[in-house]
2 protein chains.
Amino acid sequence: MPNHLTKPLAALADPTRRQVFEALATAPMAVGTLAQHFPVSRPAISQHLKVLSDAGLVTVTKQGTRNIYCAEPDGLADLRAYLDGLWQDVLTSFGEAVEQDMKHA
Amino acid sequence: MPNHLTKPLAALADPTRRQVFEALATAPMAVGTLAQHFPVSRPAISQHLKVLSDAGLVTVTKQGTRNIYCAEPDGLADLRAYLDGLWQDVLTSFGEAVEQDMKHA
DNA sequence: TTAGATGGTTAGGCATGACTTACGGTAAGT
DNA sequence: ACTTACCGTAAGTCATGCCTAACCATCTAA
């Protein structure tokens, strides 16, 4: 029951917030520059960035007045590891189901 | 902008619903049997299963009065593929950042 | 110092989500 | 046919989430 994945999953569940992260995954960007690419206001982007930051998916570095946000690989690594574990469970579960069908035949 | 991932991500974002899916990933189960493993009511589990079903993460097969829910590999495969793509983007973005630092040195 | 640019924070409204209780509907056993 | 078991759905409540508008703080440039 790895509960530390709730924040990252909830963060990527929102469409606009997921797009924000996708943009940051391509290249680091400032808040204003980021907000220009989306139809929502800048405070909304700022809140999304806070959610992504609390989820461990992005990091910030101050450059004068600009805050440059950057994607954090470790956050994604945890998600990938979790899904890989689930994937193995599902596959073995399917294998056992097939085995059951064999005995029925 | 793959928007078909919103439902699966939102489905796995909820803690109890994620635990439900984890249980189904281990082995198929009926609704009542599943509800006994959680502190919430059976209708709540039923609603969670509907969300997971709409997200393409589980499938149902009727056995008399019992509805057996089973994890669906294809749904997980899409999520894994999406995260793998993001992972590649983040890595190349990091590589370019290091390259920039090289030129500064 | 003054003016402009950049961005985090708050308050409020509107929608969505998770849960419980109560009900209806279907299949199996007597 | 009657009862029991199993499950989905509807209505209602309480909490949370996303958004905008407005305000405030900080850094830079003239």
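In what follows, every chain begins at residue 1, and chains take the letters A, B, ... in the order their sequences are listed. Values below: every heavy atom of this structure, side chains too, minus hydrogens, waters and symmetry copies. It should be emphasised that the depicted structure is a prediction, and the values quoted were computed from it without experimental measurement.
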Between [X] and [Y], is there a donor-acceptor pair closer than 3.5 Å when you use the side chain of the first and the backbone of the second?
| X | Y | answer |
| --- | --- | --- |
| Thr33(A) | Met29(A) | no |
| Arg18(A) | Leu12(A) | yes |
| Arg17(A) | Ala10(A) | yes |

Salt bridge or not between Lys50(A) and Asp54(A)? Use side-chain N to carboxylate O under 4.0 Å.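 Here Lys50(A) pairs with Asp54(A) in a salt bridge, since their nearest N and O are under 4.0 Å apart.
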If you check every side-chain atom of [X], which of [options] has the closest atom?
| X | options | value |
| --- | --- | --- |
| Pro43(B) | dA27(C), dT20(D), dT21(C) | dT21(C) |
| Gln47(A) | dC6(D), dT20(C), dA11(C) | dA11(C) |
| Ser41(B) | dG8(C), dT9(D), dT20(C) | dT20(C) |
| Val31(A) | dG7(C), dG8(D), dA27(C) | dG7(C) |
| His48(B) | dA18(C), dG7(C), dT20(C) | dA18(C) |

Rounded to the nearest Å, what distance is computed from the [atom1] atom of residue [X] to the [atom2] atom of nucleotide [N]?
| X | N | atom1 | atom2 | answer |
| --- | --- | --- | --- | --- |
| Leu49(A) | dC18(D) | CG | C1' | 14 Å |
| Gln63(A) | dT28(D) | CD | P | 11 Å |
| Leu52(B) | dG8(D) | CG | C1' | 16 Å |
| Lys7(A) | dG17(D) | NZ | C1' | 15 Å |
| Arg42(A) | dA5(C) | CZ | C1' | 11 Å |
| Leu34(B) | dC6(D) | CG | P | 14 Å |
| Gln19(A) | dC18(D) | CD | C1' | 15 Å |
| Ile68(A) | dT6(C) | CD1 | C1' | 11 Å |

Determine the contact category for Ala30(A): base if any of its heavy atoms lies under 4.0 Å from a base atom, sugar-phosphate if only primed atoms, P, OP1 or OP2 are that close, otherwise nothing.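 Result for Ala30(A) = sugar-phosphate.
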Using a 4.0 Å heavy-atom cut-off, does Arg17(B) contact any base of the nucleic acid, only the sugar-phosphate backbone, or nothing at all?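 Here Arg17(B) touches the backbone only, sparing every base.
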Can a side chain N or O of [X] be found less than 4.0 Å away from OP1 or OP2 on [N]?
| X | N | value |
| --- | --- | --- |
| Thr16(A) | dC19(D) | yes |
| Asn67(A) | dT6(C) | no |
| Ser46(A) | dG8(C) | yes |
| Tyr69(A) | dG8(C) | yes |

Which residue lies more 5' along DNA chain D, comparing Lys62(A) with Asp14(A) via nearest heavy atoms: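 First, find each residue's nearest nucleotide; the 5'-ward one identifies Asp14(A).
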Pick the closest DNA chain D nucleotide for Ala44(A) and for Thr33(B) by heavy atoms, then say which residue is nearer the 5' end.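 It is Thr33(B) whose nearest nucleotide is closer to the 5' end.
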List the atom of Leu49(B), the atom of Val58(B), and the distance in Å for their closest heavy-atom pair.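 Of all heavy-atom pairs spanning Leu49(B) and Val58(B), the closest is O-CG2, 4.0 Å.
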Within 6.0 Å of CZ in Arg80(A), more than 12 heavy atoms from elsewhere: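 Yes, enclosed.
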